[in-house]
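Notes for the one structure printed next.
Below, all heavy atoms of this structure are taken into account, side chains as well, without hydrogens, waters or symmetry copies.
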Amino acid sequence: MKIIGAVVLASLVLLPVRRQPGMTAANDPKTEKVVDASGNLRVPGDYRTAYQFLGSWAVATDQGQGSKEIHVVYASPGTITAYRKNGHFADGSVLVKEVFEATSGAMTTGTVSHAQNLKGWFVLVKDSKNSHPGNKLWGNGWGWSWFDAANPSKTTSTDFKADCLPCHEPARASDWIYVQGYPALRQ
């Protein structure tokens, strides 16, 4: 009876993670809903709980001390493990960057900045197969989109070459991603 109970329990535990043919950790069912058949992206609603924390950035103010923005980046399940194996993002990997206005002030540790108001999200989906050649938000191995905080289901990006690549050009050698800011990618 204990063996039957263990088998039933194991089946129930494994049921939610059943893999479909061709599925990898990077294109887990939780990440599939980020892209529709036409290649339109959206902000995944569960990224803060279902995704892994990848790292964060503080963008310095133009004058004075502190930061003007805080960027917090999450990766879809399996992205970090896959990256650590070969130093590349696997197809289907999803990165979600939250961009916050920051506020700075004095604390006992010194001048400190923290996230204040959400400005929006930048969503990237790795795609080395060029799955959406007619969509101007896909190219250079990624799907790219910016979403304003007021509407996480509609991108304001129109062309990744004009809207996204200028900021990512310095990271061309590392697959367009500033990997040096993500300690989770290092072994």
Classify the side-chain pair [X]/[Y] by whether it contains a donor and acceptor separated by less than 3.5 Å.
X      : Y      : value
Asp159 : Ser157 : no
Tyr182 : Trp57  : yes
Thr111 : Gln65  : yes

Are [X] and [Y] close enough that some pair of their side-chain heavy atoms sits under 4.5 Å apart?
X      : Y      : answer
Phe89  : Thr79  : yes
Val123 : Val34  : yes
Asn117 : Phe100 : no
Leu118 : Glu101 : no
Val96  : Pro44  : yes
Asn135 : Asn40  : yes
His71  : Val59  : yes
Pro77  : Tyr51  : yes

For Asp91 and Ser93, what are the C-alpha separation, side-chain angles and deciding distance, and is it a side chain to side chain donor-acceptor pair (under 3.5 Å)?
-> CA-CA 6 Å; Asp91 278 345; Ser93 295; over 6 Å; no
Can you get from [X] to [Y] by hopping between Ile, Leu, Val, Met, Phe, Trp and Tyr side chains that sit under 4.5 Å apart?
X      : Y      : answer
Tyr178 : Leu165 : yes
Phe147 : Leu124 : no
Val72  : Val43  : yes
Val125 : Tyr83  : no
Leu95  : Trp138 : no

Closest contact, heavy atoms only, [X] versus [Y]:
X      : Y      : answer
Asp36  : His132 : O-CE1, 4.0 Å
Ser145 : Phe122 : O-CD1, 3.3 Å
Glu69  : Ala102 : N-CB, 3.8 Å
Thr155 : Leu137 : CG2-CD1, 3.8 Å
Gly39  : Val35  : CA-CG1, 3.8 Å
Ala184 : Leu54  : CB-O, 3.8 Å

Report yes or no: does [X] contribute a side-chain atom to a donor-acceptor pair with the main-chain N or O of [Y] at less than 3.5 Å?
X      : Y      : answer
Trp142 : Asp175 : yes
Thr81  : Gly78  : no
Ser67  : Ile70  : no

Mind checking whether Phe160 and Trp144 have parallel, tilted or perpendicular rings, split at 30° and 60°?
-> parallel
List the steps and the verdict of salt bridge (Lys or Arg N to Asp or Glu O under 4.0 Å) for Lys119 and Glu98.
-> CA-CA 8 Å; Lys119 293 174 74 173; Glu98 296 175 316; over 6 Å; no
Evaluate the side-chain contact (heavy atoms from CB on, under 4.5 Å) criterion for residues Thr158 and Lys136: first the C-alpha distance (whole Å), next the side-chain angles of each, then the deciding distance (0.1 Å), finally the verdict.
-> CA-CA 7 Å; Thr158 57; Lys136 289 186 176 190; over 6 Å; no
At what distance, to the nearest 0.5 angstrom, does CD1 of Ile177 lie from NZ of Lys97?
-> 9.0 Å
From Tyr74 atom OH to Ile80 atom CD1, the distance as rounded to the nearest 0.5 Å | 12.0 Å
Using a strict cut-off of less than 4.0 Å between a Lys/Arg side-chain nitrogen and an Asp/Glu carboxylate oxygen, indicate whether Asp148 and Lys154 qualify as a salt bridge.
-> no
Do the charged groups of Asp46 and Lys33 touch, with an N to O distance under 4.0 Å?
-> yes
Step through the shown structure and confirm whether more than 12 heavy atoms of other residues, nucleotides or ligands are within 6.0 Å of CD on Gln63.
-> no
